[in-house]
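Let me begin by presenting the structure, written as structure tokens, before commenting on it.
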Amino acid sequence: MINPSRADMGLSLLLEQTARSIYDKRGPADIHPGQWSALRYFARANRKARTVAGLATFLGVTRGPASRATTSLVKQGFLSSEVNEQDRRSPLFTITEKGDNVLKDAPIIRLASAISAMERKQRMDLAESLEQLYSSLNS
Amino acid sequence: MSKILVVDDDEFVRESVCAVLNVAGYDTVEATNGEEGITLIEKEAPDLAIVDIWMPKVDGLTLLRRVRAENSDLPIIIVSGGGPGETLERATAIADIYNADHVLFKPFEDTELLEMIEKLLECDQA
């Protein structure tokens, strides 16, 4: 493995701190980052895909954690469930008005707003760099 | 009659989607992977493309990137399901970065697909 320079360590720490700071303030509700992902999924997925299995596929996790995240969001009133006529064992979930409102103040919005303020070229360079970093870390 | 390009390596999915589109009155062209899809976009000038996210050789996200790199505003619907490699959450984010017009999650209703197409073609013609 290459021995990283101090400058590269600094850059890595800056990236880590930036990512961590997104969820420093949890916003209007006590929602964990994984639950925010789940909520965003149910807000944008087409009706038939709004199931625990659909969420598990989206997040790349097994059904257990997807089911726990969904149950918690239902308990908090951010999602409602209904019987799936095509598969009665797999309910369909819909975002509630409360869920919709909380998403408007989601912590990720602060980051997206900061990115929106950047020049187009900066944004595209950032996208390219992040894709490259993610690939290196996960290859 | 609007022409729609369907890009999917799964023959069954391709034929099912094309059958739904044909019944709804759309003309269709088919490609089995992203590379073929890019060639048909240049050759057939479709009004809209429905592109599977995971395909061998050139995948849906690479097709999207290459089409947008040409400054094309062709309406593109990315169809996503479970696949190898990266998570769908990440793939969806990449599709958003490169301006996919819509990401449709599997499974979906025919009516959901048709409504989406109608909306996108209306916007494109406006």
Side-chain angles (χ1 to χ4, degrees), chain A residues 19 22 33-63 65-66 69 84-87 90 92-93 108-109 111-112 115-116 118 120-139, chain B residues 10 13 16-17 20 50-54 59-73 76-120:
Chain A
I22 301 166
Q35 290 176 327
W36 280 117
S37 291
L39 204 52
R40 281 195 295 272
Y41 172 76
F42 286 113
R44 84 177 281 176
N46 32 288
R47 188 172 177 275
K48 220 176 159 185
R50 294 199 299 254
T51 59
V52 167
L55 174 65
T57 304
F58 180 73
L59 297 177
V61 298
T62 57
R63 286 191 190 201
N84 181 353
E85 292 301 339
Q86 283 162 335
D87 181 358
S90 175
L92 296 170
F93 297 91
I108 200 83
I109 303 286
L111 178 63
I115 290 173
S116 294
M118 295 166 88
R120 182 182 149 73
K121 187 178 179 319
Q122 277 183 302
R123 293 200 305 268
M124 294 324 283
D125 287 347
L126 179 64
E128 207 175 297
S129 301
L130 290 176
E131 278 195 65
Q132 198 180 328
L133 284 174
Y134 186 91
S135 297
S136 300
L137 289 172
N138 291 281
S139 60
Chain B
D10 186 326
V13 174
S16 311
V17 171
V20 170
I50 300 169
V51 183
D52 186 37
I53 206 162
W54 312 119
D59 64 20
L61 293 177
T62 307
L63 178 148
L64 176 68
R65 279 193 187 97
R66 280 169 54 178
V67 169
R68 293 297 184 243
E70 298 291 320
N71 290 322
S72 165
D73 54 3
I76 296 178
I77 296 173
I78 293 285
V79 178
S80 65
E86 46 201 347
T87 66
L88 207 46
E89 183 178 29
R90 182 175 150 74
T92 304
I94 294 172
D96 287 340
I97 291 170
Y98 292 97
N99 292 323
D101 291 87
H102 206 98
V103 177
L104 192 60
F105 296 93
K106 287 178 183 169
F108 55 84
E109 306 267 8
D110 295 345
T111 49
E112 288 174 323
L113 176 65
L114 291 173
E115 276 170 21
M116 200 176 291
I117 290 171
E118 206 175 313
K119 210 178 283 178
L120 287 174

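Values reported hereafter were calculated over all heavy atoms of this structure, with side chains retained and with hydrogens, waters and symmetry mates removed. Residue numbers start from 1 in every chain, and the chains themselves are labelled A, B, ... in the order their sequence lines are given, proteins ahead of strands.
- With A:Asn46 contributing its side chain and B:Pro107 its backbone, the two residues share a donor-acceptor pair below 3.5 Å.
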Report task. For the pair B:Thr92 and A:Phe58, evaluate side-chain contact (heavy atoms from CB on, under 4.5 Å) and give the outcome as yes or no after the intermediate values. Result -> CA-CA 9 Å; B:Thr92 304; A:Phe58 180 73; 3.6 Å; yes
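- In this structure a side-chain-to-backbone donor-acceptor pair under 3.5 Å is missing from B:Glu109 to A:Lys48.
- Both the backbone and the side chain of A:Arg47 come within contact range of chain B, each with at least one heavy atom under 4.5 Å from a heavy atom of that chain.
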Report task. Any chance you could lay out the side-chain contact (heavy atoms from CB on, under 4.5 Å) test for A:Arg44 and B:Asp96, step after step, and finish with the verdict? Result -> CA-CA 12 Å; A:Arg44 84 177 281 176; B:Asp96 287 340; 2.8 Å; yes
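- When every heavy atom of B:Phe105 is checked against every heavy atom of A:Ala45, the shortest pair comes out as CD1-CA, 3.6 Å.
- Pairing each heavy atom of A:Ala127 with each of B:Ile97, the nearest pair is CB-CG2, 4.0 Å.
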